[in-house]
Amino acid sequence: MKHFLSVYDLSPRDVDEIFQLAAKMKKELKEGVKHPLLSGKVLAMIFTKPSTRTRVSFEVGMHQLGGHALFLNSNDIQLGRGEPISDTAKVLSRYVDGIMIRTFKQSDVEELAKYSSVPVINGLTDLMHPCQAMADLFTVLEYKGKLKGLKMAYVGDGNNVANSLLHACAKVGMDIAVATPPGFECDEKIAAEAKSDAEKSGARITITHNPEEAVDNADVVYTDTWVSMGQEAEKEKRVAIFKDYQVNERLFSLAKEDAIFLHCLPAYRGYEVTGEVIDGPRSAVIDEAENRMHVQKAIMAILMG
Ligand code: CP
Ligand code: NVA
């Protein structure tokens, strides 16, 4: 592992290693045991989109690892005025030990990695959200004790989060059913990559337009916003298209009795999910958000240590 750009790039062993280290550091943190694996190291964090969880979990995570994180709003650095990504990558590589970036185009993240001599971590693009999917499966593992043979249902927009969940479930042998409205399916190339991994891992992948079919017998029900960052102008249109894809009590009741609910957050109650479900007893969204930090610490320790 040189960079962390996509879950597809990982081997099942890499995933296992990340989860084991994350679990160890989570336990140590609760016990007050320090783990300064990145003592004196610095992470640059470039953001061209807003963030609560990603920013805070990386920044606090670096602090807990004995290092430091630098928040770089793209509007405040020369990148926002047209400095090439390649120059930014080469220069930052002389100062820092790792770069995390949240931006629009996946190709910009790949360009940054190409010219960077330090590890690059994808903190969300329009196409993927790999740190999120890793934290999500880690959360499922904590709740269910295993991943193989379980079923995740993703209902809603076939967006960055859905794409990375496809990659992640296929990698570890967890079944995944994705239900989206026609025209809002997951990325075709990512679905093909997931299918090829699923052949090796034994995961079953279902792509459907029917939310009931997806949720049937699921162990995990997942949804995300209908309006991702950058799509604000399409809000009205999207709300009309997605209205039958809401995760509410009726839909959630079709999953297994002990199914848990996940959402990457931020959530919009009354749209993709009802308050009853996301604030209900089987919602694991706050644990899921916490786990972003533990899993990302493991990713950083492995890449930058
Ligand atoms: N889930 C997630 O990435 O949240 P933020 O946008 O707050 O970072
Ligand atoms: N799909 C959402 C995820 C936010 C964490 C977005 O891209 O805005």
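As the structure lists them, so they are numbered: ligands from 1, and atoms in each ligand from 1. Since the structure is predicted, the reported quantities are computational estimates derived from the model, not experimental observations.
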What short N/O contacts, under 3.5 Å, does ligand 1 make with the protein, listed by atom pair and distance?
residue: ligand 1; atom: 1 (N); partner: Gln132; partner atom: OE1; Å: 2.9
residue: ligand 1; atom: 1 (N); partner: Cys264; partner atom: O; Å: 2.9
residue: ligand 1; atom: 1 (N); partner: Leu265; partner atom: O; Å: 2.9
residue: ligand 1; atom: 1 (N); partner: Arg292; partner atom: NH1; Å: 3.3
residue: ligand 1; atom: 3 (O); partner: Thr54; partner atom: OG1; Å: 3.1
residue: ligand 1; atom: 3 (O); partner: Arg102; partner atom: NH2; Å: 2.9
residue: ligand 1; atom: 3 (O); partner: His129; partner atom: NE2; Å: 2.8
residue: ligand 1; atom: 3 (O); partner: Arg292; partner atom: NH1; Å: 3.0
residue: ligand 1; atom: 4 (O); partner: Arg53; partner atom: NE; Å: 2.8
residue: ligand 1; atom: 4 (O); partner: Leu265; partner atom: O; Å: 3.4
residue: ligand 1; atom: 6 (O); partner: Arg102; partner atom: NH1; Å: 2.8
residue: ligand 1; atom: 7 (O); partner: Thr52; partner atom: N; Å: 2.7
residue: ligand 1; atom: 7 (O); partner: Arg53; partner atom: N; Å: 2.8
residue: ligand 1; atom: 7 (O); partner: Arg53; partner atom: NE; Å: 3.1
residue: ligand 1; atom: 7 (O); partner: Arg53; partner atom: NH2; Å: 3.0
residue: ligand 1; atom: 8 (O); partner: Ser51; partner atom: OG; Å: 2.6
residue: ligand 1; atom: 8 (O); partner: Arg53; partner atom: N; Å: 3.4
residue: ligand 1; atom: 8 (O); partner: Thr54; partner atom: N; Å: 2.8
residue: ligand 1; atom: 8 (O); partner: Thr54; partner atom: OG1; Å: 2.7
residue: ligand 1; atom: 8 (O); partner: Arg102; partner atom: NH1; Å: 3.4
residue: ligand 1; atom: 8 (O); partner: Arg102; partner atom: NH2; Å: 3.2

Show me a pair-per-line table, with atom names and distances to 0.1 Å, of protein N or O atoms that are under 3.5 Å from an N or O of ligand 2.
residue: ligand 2; atom: 1 (N); partner: Asn159; partner atom: ND2; Å: 3.3
residue: ligand 2; atom: 1 (N); partner: Asn160; partner atom: OD1; Å: 2.9
residue: ligand 2; atom: 1 (N); partner: Asp224; partner atom: OD2; Å: 2.7
residue: ligand 2; atom: 1 (N); partner: Ser228; partner atom: OG; Å: 2.7
residue: ligand 2; atom: 7 (O); partner: Asn160; partner atom: ND2; Å: 2.8
residue: ligand 2; atom: 7 (O); partner: Ser228; partner atom: OG; Å: 3.4
residue: ligand 2; atom: 8 (O); partner: Met229; partner atom: N; Å: 2.8

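A salt bridge links Arg238 with Asp157; the closest basic N to acidic carboxylate O contact falls under 4.0 Å. A salt bridge is absent between Glu17 and Lys24: the closest approach of a Lys/Arg side-chain nitrogen to an acidic carboxylate oxygen does not fall below 4.0 angstrom.
Contact record, Arg204 with Asp175: N-OD1, 2.7 Å, taken as the closest heavy-atom pair.
Checked against side chain to side chain contact (heavy atoms under 4.5 Å, CB included), Glu193 has the following partners two or more places apart in sequence or in another chain: Tyr8, His167, Lys189, Ile190. Listed by chain and residue number, Leu38, Met62, Asp97 satisfy the side chain to side chain contact (heavy atoms under 4.5 Å, CB included) test with Lys41 (two or more places apart in sequence, or in another chain).
Thr139 and Asn291 form a side-chain donor-acceptor contact under 3.5 Å, judged by distance and modelled atom types alone. Checking Thr48 against Ser74 by side-chain atom types alone, no donor-acceptor pair falls below 3.5 Å. Side chains of Gln78 and Asp87: a donor-acceptor N/O pair is absent below 3.5 angstrom, by distance only.
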Verify side chain to side chain contact (heavy atoms under 4.5 Å, CB included) between Phe104 and Thr125, making sure each step is shown before the conclusion.
CA-CA 5 Å; Phe104 293 85; Thr125 63; over 6 Å; no
